[in-house]
S.K.: 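Pasting in a structure now, in structure tokens, and then I'll have a few things to ask.
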Amino acid sequence: MELASLTCALGPDAAGTLLSRLLRDSRVCIDAALYEVGPSYRWELVRAARRGVRVRLVLDEHASDGNAATARELTAAGGECRVAGDHQAAAHGKLLFTDATVAVGTGNLLWRDAPRDRRLRFPPDAAPLAGTREWWVTASGSRSLESDVRRAFDAHWETARRPPSAWSTGALARVPAVGTPMPQVAPFTARVAARRLRLITGGSAVASTLHVLIASAQTRVLVTVPYVFLAELSVRCLIDLMAGVSHHGVDCALLLGAIPRADDSRLLVALPFEVRRMDPARSTTGHAKGAIVDGSALISSANWSSAGLGRNWEAALHIEHPGAAAYYAAAWHRDWEAAVALDV
């Protein structure tokens with residue numbers, strides 16, 4: 001039986017440090033499909049390219065939050081950069097492949113999404129960090145997963161295009177309020193059967209995976225997403241599924257990363273399961289898109305919107321491992337206890 005080495009990490013606790021270690025340790029290749037890469041990670045990719053690592057980066061076609069400068073400087077350093085997505089569908093994945101390690105997560109390579117310890121230490125040795133709540137996972141040693149990632153990235157790369165010639169540095173997007181959630185914890189590591197790891201790409205494929213997981217749940221469905229747009233059919237379908245299984249005794253709960261829209265709040269408080277929202281004054285803003293269903297966890301880049309569960313290029317990793325599920329569930333419960341009820 002093929003075994004993979006699994007590392008689960010949270011942001012802001014340790015995910016940025018884990019990702020920085022991966023980038024700095026790379027010697028052969030870095031393939032990255034990311035919605036945004038800002039200056040705090042741009043130099044990691046540039047430095048890798050300068051030391052001879054083959055760097056290929058696919059960014060979403062928007063110039064803000066550093067994308068334009070990242071494309072320009074990485075190309076000048078000898079790396080390759082392409083862009084994907086348009087006004088109808090974004091290239092919204094958070095996927096990295098460095099040498100023989102796969103990383104899938106929920107945040108962008110920006111300081112607010114992935115702060116890191118200056119000495120690349122993990123908690124409890126590192127000082128607590130402020131940033132958005134993120135979920136990340138890395139895996140190595142699975143030939144099947146590596147093959148799936150290579151195939152998915154190569155297909156994404158082939159359909160991407162050169163950055164626009166007129167792409168100048170764009171204005172910064174609105175920055176969410178962030179805090180320092182406590183306690184902060186070290187990554188969780190385990191050996192897991194390779195067949196228990198499954199890569200999913202594409203928003204509609206992530207939606208289908210969530211549909212199957214929720215519909216077959218036996219004990220629990222714990223979800224965290226930044227927001228839900230209930231007017232969208234794909235989102236309402238998942239919410240209705242959670243309501244349905246909750247009526248059959250499954251423990252369901254939804255944790256939002258921020259204050260939802262007023263019309264969504266009115267519908268959410270009427271659900272047969274509890275919904276709370278994170279508060280940066282008590283913890284931080286939630287940017288993770290994850291679910292714990294029974295003894296498995298899904299870490300995804302997809303928001304619960306029509307594009308996130310439909311047209312967007314998204315990436316997710318489904319992990320069937322009780323230890324990994326327990327790690328993310330414990331994080332979910334800590335955030336839940338610090339969260340507040342919805343305002344109507």
S.K.: Answer with yes or no whether the side chains of Thr284 and Arg133 bring together a donor and an acceptor at under 3.5 Å.
M.R.: no
S.K.: Under the ring-ring contact (aromatic ring centres under 6.0 Å, His included) definition, can you give me all pairs with a residue in residues 52-80, not counting sequence neighbours?
M.R.: Tyr35-His62
S.K.: Any ring-ring contact (aromatic ring centres under 6.0 Å, His included) involving residues 132-151? Give me the pairs, sequence neighbours left out, ordered by first then second residue.
M.R.: Trp135-Tyr328
S.K.: Could you pull out all residues at least two apart from Gln88 that satisfy side chain to side chain contact (heavy atoms under 4.5 Å, CB included)?
M.R.: Asp86, Arg311
S.K.: May I ask you to check whether Glu232 and Ser234 show a side-chain donor-acceptor distance below 3.5 Å?
M.R.: no
S.K.: Can you run down the ring-ring contact (aromatic ring centres under 6.0 Å, His included) pairs that involve residues 193-244, sequence neighbours left out, and say none if there aren't any?
M.R.: Tyr227-Phe229
S.K.: Using side-chain contact (heavy atoms from CB on, under 4.5 Å), reason through Arg277 and Asp343 one step at a time and then give a plain yes or no.
M.R.: CA-CA 9 Å; Arg277 66 166 177 88; Asp343 299 319; 3.5 Å; yes
S.K.: Determine whether a donor-acceptor pair (N or O, by modelled atom type, separation under 3.5 Å) exists between the side chain of Gln184 and the backbone of Leu129.
M.R.: yes
S.K.: Quick one, Ile200 and Leu298 - any side-chain contact, counting heavy atoms below 4.5 Å?
M.R.: yes
S.K.: For Ala324 and Cys8, work out which heavy atoms get closest and say how close.
M.R.: CB-SG, 3.8 Å
S.K.: By side chain to side chain contact (heavy atoms under 4.5 Å, CB included), which residues pair with Ala48, not counting sequence neighbours?
M.R.: Ser26, Ile30, Arg51, Val53, Val55
S.K.: Enumerate the ring-ring contact (aromatic ring centres under 6.0 Å, His included) contacts for residues 281-323, please, sequence neighbours excluded, ordered by first and then second residue.
M.R.: His156-Trp313
S.K.: Output yes when a side-chain donor or acceptor of Arg42 lies under 3.5 Å from a complementary backbone atom of Gly66, and no otherwise.
M.R.: yes
